[in-house]
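This report refers to the structure that appears directly beneath it.
Since this is a predicted model, take the numbers as computed values, not measurements.
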Amino acid sequence: METDLYDEFGNYIGPELDSDEDEEVDADDREADEADEEEDDEDQADADEEEGGGMEVVLHEDKKYYPTAEEVYGPEVETIVQEEDTQPLTEPIIKPVKMKRFTLMEQELPATVYDMEFLADLMDSSELIRNVTLCGHLHHGKTCFVDCLIEQTHPEIRKRDDMDLRYTDILFTEQERGVGIKSTPVTMVLPDSRGKSYLFNIMDTPGHVNFSDEVTSAVRLSDGIVLFIDAAEGVMLNTERLIKHAVQEKLAITICINKVDRLIVELKLPPTDAYYKLRHIVDEVNGLLSTYSTDESLIVSPLLGNVCFASSQYSICFTLGSFAKIYSDTYGDINYMEFAKRLWGDIYFNPKTRKFTKKAPNSNSQRSFVEFVLEPLYKILSQVVGDVDTSLPRVLDELGIHLTKEELKLNIRPLLRLVCFVDMCVQHIPSPQGGARAKIEHSYTGGLDSDLGETMSECDPDGPLMCHTTKMYSTDDGVQFHAFGRVLSGTLQAGQPVKVLGENYSLEDEEDSQICTVGRLWISVARYQIEVNRVPAGNWVLIEGCDQPIVKTATITEPRGNEEAQIFRPLKFNTASVIKIAVEPVNPSELPKMLDGLRKVNKSYPSLTTKVEESGEHVILGTGELYLDCVMHDLRKMYSEIDIKVADPVVTFCETVVETSSLKCFAETPNKKNKITMIAEPLEKGLAEDIENEVVQITWNRKKLGEFFQTKYDWDLLAARSIWAFGPDTTGPNILVDDTLPSEVDKALLGSVKDSIVQGFQWGTREGPLCDEPIRNVKFKILDAVIAQEPLHRGGGQVIPTARRVVYSAFLMATPRLMEPYYFVEVQAPADCVSAVYTVLARRRGHVTQDAPIPGSPLYTIKAFIPAIDSFGFETDLRTHTQGQAFALSVFHHWQIVPGDPLDKSIVIRPLEPQPAPHLAREFMIKTRRRKGLSEDVSISKFFDDPMLLELAKQDVVLNYPM
């Protein structure tokens, strides 16, 4: 190979070679070519001279075959290069903007029987406002009732013949599923029986137990509730929980017994039995009220006027007073208030003496309620709903009512107007002014004794601005949120700057606050919004423009000048989010989109929790399957249009102990200057629940706290006075007690590291040693402490991790166990399905606590407990086994210990095999650890010091623990 013909890479750089094909080319072609070549050579020579000669290799990507778009079309012309055939002809190159809509909204303001200006003016007089939450069990007729109110005030909005209007189910998902998912506010002007107008802010809430967090956020803004109870079904699972919740929130309670027509048309009960059924419901409610409330005067009764009867389907609503008034209007000269008092209970009308008596005049006489209320109602309904065509015209002739042919064809419309509902709310639910004091006491962290507390409890529209938001509603297209709240003092103006305080804000730590500018303000009426420019105290308002810093609830106040403002308490839900799903995008590059979506669903659902495990998986915690199903729908469709994979659902566990630590556990700090000794033991029964429900609070003074533990749980004086902390937070179900004696331990030194030890204890109880789940129901006692004299040697960095280690070692020495959440299930089924329900429950480790027939109906109620981890698919399973006749609702009830020892090495877990009961704890622990990316087993040596391990070896405790 001649070296000068090739460069160092082996490329040929010698003189041009003749190609073999040249001979075949025609002579004239060749001449033409040569002429071209000469020209080319000249050009080449020129170029070479300019570039300084050389035969550079031009790379493929640097070759330029065509002029660029800029050269052709000139600068500043946007050009789109369309690759050939990557897109079918049916798809446009530039897609039109797609408008997403997830809610049914009116396009313009509908006609109302009152003026919008009048509504806006009523906002200024707070004694004419009522803030009411309508709540009740699933399908007990709350939404239908709101429809009646809407139809009464909006002449153009009517339901189609056979369809319910469901005006407040504004999400398409709610319309499809036929169940409320979000609580929806409706504001309207309603007249009472005297024709006086009141401004009603009504919140229609979901009845499904999974969505009780929506009720909680609605209740926080209201001064009273109207509890809806289906006359045929009676008091159900959620009815009971809502009564308890309303009592805890210190709200006025009124009852509406709805669907009275079912007793007549569906169950076909005779009037007397219908009365017993209604009375039974009222008695049951009063029984629950006396259970949950200490206030003796809190009772509901038709006689007091805080119970009304309704049938939303026929737009009937009456109280005893309103029915009595019909009689007095018809017959004159009856004192209807006095008459109403004699229309309930064991009171009979004696037609001979025309007096009311306590005992029946003769054997077949009926109670006054039956005679004067139910019988006319039965007659009307049987005429109107029953055999319409033949008997109705005859009756109408007798009564002198003339209907045209068209009117006869109309659907059956309202019989009694809904004014009595207004009367009931006006009399028994306080106005924002009247209810402000109790509301502030209960929900404001700052207390009433400040000037700000005073102005809020007077509901003063001229005071400093304080507004409490508890809900976030997304816009039609799901792009941004509007905050929904109640103005408690001052006046909120559109366009004003405000300071938004988040849930972590306190006077000491002001980090969680931000100055925002309010956009527009609206009064929300389900499917339309009335824009206003200012909202005075006592009203509900939908706020634009300050959604960015708010996650769940917030406090909105003046940007400056109102420095002593504190926040309103975060919501306290009456259920726990125990079901967990892990999500990840199918396409990993779309992770940021998914995170943004998670942030948005987190704002949208009050009790949803989203967190990132240490293994990097994104976890969503919710109250139940339906709840998480709705969350995932929103996440996939509304907030991040991407494909998301979901792991199988699991539940959160807790870790606990069942005995006292077998020996004192100690740990030394890394610098060997401090040593802490602790033991762990289980708490007394019921104490953990008391702490969680804030029956006892760590913020009480020492004396009060001590008395509580002495009297209720028999603690000795010393222990009761030396409680240091609850953990993992202020209402956590574990207790840290200082059990050291002043004679042995320098209390001043111990006090100097108290904060660090408490922090270590709270860190330890937040994620326990078995599988990083919270510790529950454990009391940790500090028995001894050796603390360094110099502050330098006892800093947080030394003490906190050590305190955590000793918490873990004491925990592991006290026979640790796992706890799992249990659901309370209420199943309604016909009698022949009851055995099938038992079978399905038994297969899922469930057990029945009670089954009883529902009085006055062919159904049975079965109450049972089922472990949450075995409840996935339970409802579907139940429906398959009972041909869809059983209906179940389940809600978190309590924590229970999982059978078996999680640390028992002898158990072998075989893949894909169901484990027998004693192996469950081990299986749950190992699988949870795998999922979180921890090592298979708990290694004890991680939490014990060497001297401690020697001590263990001496006492021969280490038999079944891995080192």
Side-chain angles (χ1 to χ4, degrees), residues 130-138 140-142 203 205 207 209 212 215-216 218-220 222-231 233-260 275-310 319-321 341 344-346 369 421 423-430 434-435 437-439 441-443 572-575 689-690 693-695 824 826 850 852 854-855 861 863 891 893:
R130 291 294 180 275
N131 297 327
V132 187
T133 292
L134 306 188
C135 56
H137 190 74
L138 184 65
H140 278 197
K142 303 170 287 296
M203 188 72 97
T205 59
V209 276
S212 65
V215 185
T216 307
V219 153
R220 172 61 69 86
S222 309
D223 297 302
I225 66 163
V226 179
L227 182 67
F228 278 70
I229 302 175
D230 182 330
E233 288 186 0
V235 174
M236 299 285 292
L237 166 74
N238 209 17
T239 319
E240 203 170 313
R241 298 176 67 84
L242 289 166
I243 292 175
K244 182 177 181 182
H245 196 49
V247 169
Q248 282 171 348
E249 293 287 329
K250 301 187 173 41
L251 291 182
I253 298 175
T254 58
I255 306 289
C256 175
I257 298 181
N258 199 7
K259 303 198 186 185
V260 179
Y275 164 75
Y276 285 133
K277 178 93 174 148
L278 295 171
R279 197 181 70 180
H280 176 68
I281 290 174
V282 174
D283 291 348
E284 213 173 337
V285 170
N286 282 322
L288 289 168
L289 284 173
S290 61
T291 313
Y292 296 130
S293 167
T294 48
D295 178 10
E296 291 295 318
S297 62
L298 186 62
I299 48 175
V300 295
S301 159
L303 296 169
L304 297 172
N306 53 10
V307 175
C308 73
F309 304 92
T319 53
L320 296 186
K341 284 181 189 158
W344 183 259
D346 298 334
F369 183 75
F421 166 75
D423 283 350
M424 179 177 82
C425 293
V426 167
Q427 284 159 17
H428 294 280
I429 291 176
R437 196 171 195 88
K439 178 64 76 189
E441 257 176 26
H442 185 69
S443 62
K572 187 142 184 52
F573 300 112
N574 62 359
T575 93
E689 284 72 23
D690 275 355
N693 297 333
E694 296 184 16
V695 178
F824 173 72
E826 187 176 78
Q850 178 196 3
I854 300 174
T861 298
K863 295 182 175 167
V891 61
H893 189 268

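Nearest heavy-atom pair across Val285 and Ile229 is CG2-CD1, 3.6 Å. Across all their heavy atoms, Ile257 and Val260 have their closest contact at O-CG2, 3.6 Å. Taking each heavy atom of Leu278 and Ala231 in turn, the nearest pair found is CD2-CB, 4.2 Å. Between Ala310 and Cys256, the shortest heavy-atom contact is CB-SG, 3.7 Å. Nearest heavy-atom pair, Ile429 versus Asn131, reported as atom, atom and distance to 0.1 Å: CG2-O, 4.3 Å. Between Ala246 and Ile225, the shortest heavy-atom distance links the atoms CB-CD1, 3.6 Å.
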- Query: Could you walk me through whether Lys572 and Glu694 pass the side-chain contact (heavy atoms from CB on, under 4.5 Å) check?
  - Reply: CA-CA 10 Å; Lys572 187 142 184 52; Glu694 296 184 16; 3.5 Å; yes
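Side-chain rings of His893 and Phe824 approach one another, their centers coming within less than 6.0 Å.
When side chains are defined from C-beta on, Asn306 does not count as touching Ile253, because their heavy atoms never get closer than 4.5 Å. At least one side-chain heavy atom of Thr861 sits under 4.5 Å from a side-chain heavy atom of Glu826. Taking the side chain as every heavy atom from C-beta outward, His245 and Tyr292 never approach each other to under 4.5 Å. A 4.5 Å side-chain heavy-atom check between Asn258 and His140 finds every atom pair outside the cut-off. Residues Leu227 and Cys135 are in side-chain contact: their nearest non-hydrogen atoms beyond the backbone lie under 4.5 Å apart. In this structure, the side chains of Leu242 and Phe228 stay at 4.5 Å or more apart for every pair of heavy atoms. Proximity of Arg130 to Val426: side-chain heavy atoms (C-beta onward) are separated by under 4.5 Å at one or more points. Looking only at side-chain heavy atoms (C-beta outward), Thr205 and Val219 stay at 4.5 Å or farther from each other.
Looking at Ser293, its side chain never comes within 3.5 Å of a backbone N or O of Ser290 through a donor-acceptor pair. Remark: side-chain polar atoms of Asp690 are not paired, donor with acceptor, to backbone N or O of Val695 under 3.5 angstrom. For the pair Lys142 (side chain) and His137 (backbone), a donor-acceptor distance under 3.5 Å is present. Between the side chain of Lys439 and the backbone N or O of Ser222 there is at least one donor-acceptor pair closer than 3.5 Å. A donor-acceptor distance shorter than 3.5 angstrom exists from the side chain of His428 to the backbone of Leu304, with no hydrogens or angles considered. The main-chain N or O of Asn574 is found under 3.5 Å from a side-chain atom of Arg241 such that the two form a donor-acceptor pair.
Listed by first then second residue, pairs satisfying salt bridge (Lys or Arg N to Asp or Glu O under 4.0 Å) with a partner in residues 277-292 read Arg279-Asp346, not counting sequence neighbours.
Taking CD1 of Ile281 as the reference point, atom CD1 of Ile255 lies at 10.0 Å (rounded to 0.5 Å). For the atom pair CE of Met203 and CZ of Arg220, the computed distance is 13.0 Å after rounding to the nearest 0.5 Å. Residue Met424 holds its CE atom at 8.5 Å from OG1 of Thr319, rounded to the nearest 0.5 Å.
Remark: of the listed residues Phe421, Phe369, Tyr275, Phe369 is the sole one forming a ring-ring contact (aromatic ring centres under 6.0 Å, His included) with Phe309.
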List the atom pairs, with distances to 0.1 Å, where a side-chain N or O of residues 295-302 and a protein N or O form a donor-acceptor pair under 3.5 Å, not counting sequence neighbours.
unit_1 : atom_1 : unit_2 : atom_2 : d
Asp295 : OD1    : Ser297 : N      : 3.1
Asp295 : OD1    : Ser297 : OG     : 2.8
Asp295 : OD2    : Ser297 : OG     : 3.3
Ser301 : OG     : Leu303 : N      : 3.0

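Surrounding NZ of Lys244 are at most 12 heavy atoms belonging to other residues, nucleotides or ligands under 6.0 Å away.
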